Amino acid sequence: MVSLSLRDRLLGWRDSILSNPRFQRFAAVFPLMRPVARRRAVAMFDLLAGFVYSQILLACVQLRLFDIVAERPASAEELAVRLSLPVESMRMLLDGAVALQLLQMRSQSRYGLGQLGAELRGNPGVLALVEHHAMLYRDLADPVALLRGARGGGELAAYWAYVRGERPGELPGDAIASYTELMAASQPMIAREVLHVYPFRHHRCLLDVGGGDGSFLSAVAAQAPQLRCMLFDLPAVAEKAAARFAANGLAGRATAVGGSFTTDPLPEGADIVSLVRVIHDHDDEVVEALLRAVHNALPDNGKLLIAEPIAGLPGTAAISDAYFAFYFYAMGSGKARSFPRLRAMLENAGFSQVTLHPVPMPLVASVITASKR
């Protein structure tokens, strides 16, 4: 029989108290404990109602409601006509959005943006993820069935074409278009975090591996006019990146190379390589091979920069251990990793001076740099 530690016994005693209906009633009416009891009740109900909250947000995004009321606050009747909804349904959605601080009441019974709604409207990448998550919610409709099944058996895995076991370098443009657009929408948020903590002015050439349509490279290039840029991604994705570089006036110093880092060598010539939200999409064996390939492509004293959410940082447990864990399980590939785990993987690949850089918003992405020995 396993003996319980003092901490285990204390936690067991706490659990027996908190789950006792008589104590719960006492805490709800005792003046000194009532505020705590109410906060805990709200937190518990938020867990229960969270899916409904997310669906209210999804409805607002699908209806482009934030843009509409940002242009001019409107009444429920006006919005019902414009959005082809029954007035009572419209009012129910609007009042729910007000309760969630997505909207706010204005004069003459009109609805305008709330604080969260205004912040969301300023983050197109987040709004794109909200619509994308409808797919994840369908995979999670029966969470126990998801957990009992094999990883990646649902709709989300089919969406991310490169995890389906096909030859990624041969994927056509229509197979990668939707997720390339989704990733492009989030790149400006990540670029802000990276540029806040890492200057590129001391580098001559940046290679962005898995760089999507070039949104990240374009943001970096705008801040570092001396920098030559290369992008490496699947051929159909690289074509989109080349078009973006041309549209942004970067064709003279930014090139896009098509290929798959799982089968093809990385382009050489860069003194810094970036992996922006690439590593956490893949399982360990793929990541280990990729890090070795990056190390081989870099010159001595070259730099690797990783930008992605990191597990185990203060305030990130819910997003790494709950959200990303289930997302990647449904996707069938990848995991959120801690900094010690990533540092070990980098050192095993031959890197040194592995550094975690504090960023303003680690929920979006943290930044790690490492040097080639």
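Note that the structure is predicted; figures quoted are calculated from it, not measured.
- Counting only heavy atoms from C-beta outward, the side chains of V278 and V287 never approach each other to under 4.5 Å.
- Within the 4.5 Å cutoff, side-chain heavy atoms of Y159 are placed close to those of H132.
- R341 has no carboxylate O lying under 4.0 Å from a charged side-chain N of E347, or vice versa, which leaves the two without a salt bridge.
- A distance-only check finds a donor-acceptor pair linking the side chain of D271 to the backbone of R204 [under 3.5 Å].
- Salt-bridge check for D67 with R121: passed, with a basic side-chain N closer than 4.0 Å to an acidic carboxylate O.
- We find that R148 and D142 are not joined by a salt bridge, their nearest charged nitrogen and carboxylate oxygen being 4.0 Å or further apart.
- Side-chain N or O atoms of R72 include none that pairs as donor or acceptor with a backbone N or O of V69 at under 3.5 Å.
- Closest of all the heavy-atom pairs between C60 and L93 is SG-CD1, 4.2 Å.
- With a 4.5 Å cut-off on side-chain heavy atoms, M92 and D95 do not count as touching.
- No path of Ile, Leu, Val, Met, Phe, Trp and Tyr side chains, each step under 4.5 Å between heavy atoms, connects L227 with V257, placing them in separate hydrophobic clusters.
- In this structure, L32 shares a hydrophobic cluster with W13, I17, L18, F23, F26, F30, M33, the cluster being traced through Ile, Leu, Val, Met, Phe, Trp and Tyr side chains under 4.5 angstrom apart.
- Using a 4.5 Å heavy-atom threshold, the side chains of I272 and C205 count as separate.
- When side chains are defined from C-beta on, Q104 does not count as touching Q115, because their heavy atoms never get closer than 4.5 Å.
- Ion pairing of K335 with D281 is absent here, as no side-chain N (NZ or NE/NH1/NH2) approaches a carboxylate O to less than 4.0 Å.
- Below 30°, between 30° and 60°, or above 60°: for F200 and F216 the angle between ring planes is above 60°, a perpendicular geometry.
- Nearest heavy-atom pair, L195 versus A219, reported as atom, atom and distance to 0.1 Å: CD1-O, 3.9 Å.
- At a threshold of 4.5 Å between non-hydrogen side-chain atoms, the residues P309 and V364 do not count as touching.
- Annotation for F51: hydrophobic cluster partners, listed by chain and number, are Y137 (ILVMFWY side-chain heavy atoms under 4.5 Å, direct or chained).
- Both L207 and I306 are part of a single hydrophobic cluster, where members link through side-chain heavy atoms under 4.5 Å apart.
- Formation of a donor-acceptor pair under 3.5 Å by the D139 side chain with backbone atoms of E155 is found in this model.
- Note: the hydrophobic cluster containing L102 also contains L79 (ILVMFWY, side chain heavy atoms under 4.5 Å, direct or indirect links).
- For CZ of R25, the number of neighbouring non-hydrogen atoms (other residues, nucleotides, ligands) closer than 6.0 Å is 12 at most.
- The distance from the CG atom of L275 to the CZ atom of R277 is 13.5 Å, given to the nearest 0.5 Å.
- L120 and L113 fall within the same hydrophobic cluster, where Ile, Leu, Val, Met, Phe, Trp and Tyr residues are linked whenever their side-chain heavy atoms come under 4.5 Å apart, directly or through other members.
- Closest heavy-atom contact between A134 and L58: CB-CD2, 4.1 Å.
- For the residue pair M90 and A80, the shortest heavy atom distance occurs at CG-N, 3.7 Å.
- Other residues, nucleotides and ligands contribute only 12 or fewer heavy atoms inside 6.0 Å of the CD atom of Q101.
- Between P73 and Y111, the closest side-chain pair of non-hydrogen atoms is not below 4.5 Å.
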Working for side chain to side chain contact (heavy atoms under 4.5 Å, CB included), residues L103 and L65: CA-CA 9 Å; L103 300 180; L65 191 54; 3.9 Å; yes
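- Between the side chains of S366 and H357, not a single donor N or O lies within less than 3.5 Å of an accepting N or O.
- Between the Y323 side chain and the A318 main chain, no donor and acceptor come within less than 3.5 Å of each other.
- L304 contributes atom CG, which lies 6.5 Å from atom CG of L291 (distance to the nearest 0.5 angstrom).
- Closest approach of G332 and R151 over heavy atoms only: C-NH2, 3.6 Å.
- Annotation for A349 and R292: closest pair CB-N, 4.1 Å, computed over non-hydrogen atoms.
- Aromatic pair F261/H282: ring centres closer than 6.0 Å.
- At most 12 non-hydrogen atoms from other residues, nucleotides or ligands lie less than 6.0 angstrom from CG of N301.
- With salt bridges taken as basic N to acidic carboxylate O contacts below 4.0 Å, none links E78 and R110.
- Screening I190, V220, V194 for a side chain to side chain contact (heavy atoms under 4.5 Å, CB included) involving V276 leaves a single residue, I190.
- Atom CZ of F339 has more than 12 neighbouring heavy atoms from other residues, nucleotides or ligands inside a 6.0 Å radius.
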Residue pair L290, T262: steps toward the side chain to side chain contact (heavy atoms under 4.5 Å, CB included) verdict: CA-CA 7 Å; L290 174 58; T262 61; over 6 Å; no
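- In terms of modelled atom types and a separation under 3.5 Å, the side chain of S218 and the main chain of G214 share a donor-acceptor contact.
- Atom CD of E288 is separated from atom CG of D283 by 10.5 Å, given to the nearest 0.5 angstrom.
- Side chain of K372 to backbone of L298: a donor-acceptor contact under 3.5 angstrom is found.
- A continuous path of hydrophobic side-chain contacts links F326 to F324 [ILVMFWY only; heavy atoms under 4.5 Å].
- For the 3.5 Å distance criterion, the side chains of H203 and Y198 qualify, holding a donor opposite an acceptor.
- To the nearest 0.5 angstrom, I310 atom CD1 is 9.5 Å from R337 atom CZ.
- Between the CG atom of L217 and the SG atom of C229 there is a distance of 5.0 Å, given to the nearest 0.5 Å.
- Here the straight-line distance linking atom NE2 of H133 with atom CG of L57 works out to 10.5 Å at 0.5 Å rounding.
- A centroid separation of 6.0 Å or more is found between the aromatic rings of H280 and Y327.
- Under the 4.5 Å side-chain criterion, counting only non-hydrogen atoms from C-beta, L6 is in contact with R9.
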Working for side chain to side chain contact (heavy atoms under 4.5 Å, CB included), residues T355 and I368: CA-CA 5 Å; T355 304; I368 296 172; over 6 Å; no
Trace of the side chain to side chain contact (heavy atoms under 4.5 Å, CB included) decision for L356 with R343: CA-CA 9 Å; L356 175 63; R343 180 174 56 200; over 6 Å; no
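- With hydrogens and angles left out, the side-chain atoms of S371 and Q353 include a donor and acceptor closer than 3.5 Å.
- Atom CZ of R40 has 12 or fewer heavy atoms from other residues, nucleotides or ligands within 6.0 Å.
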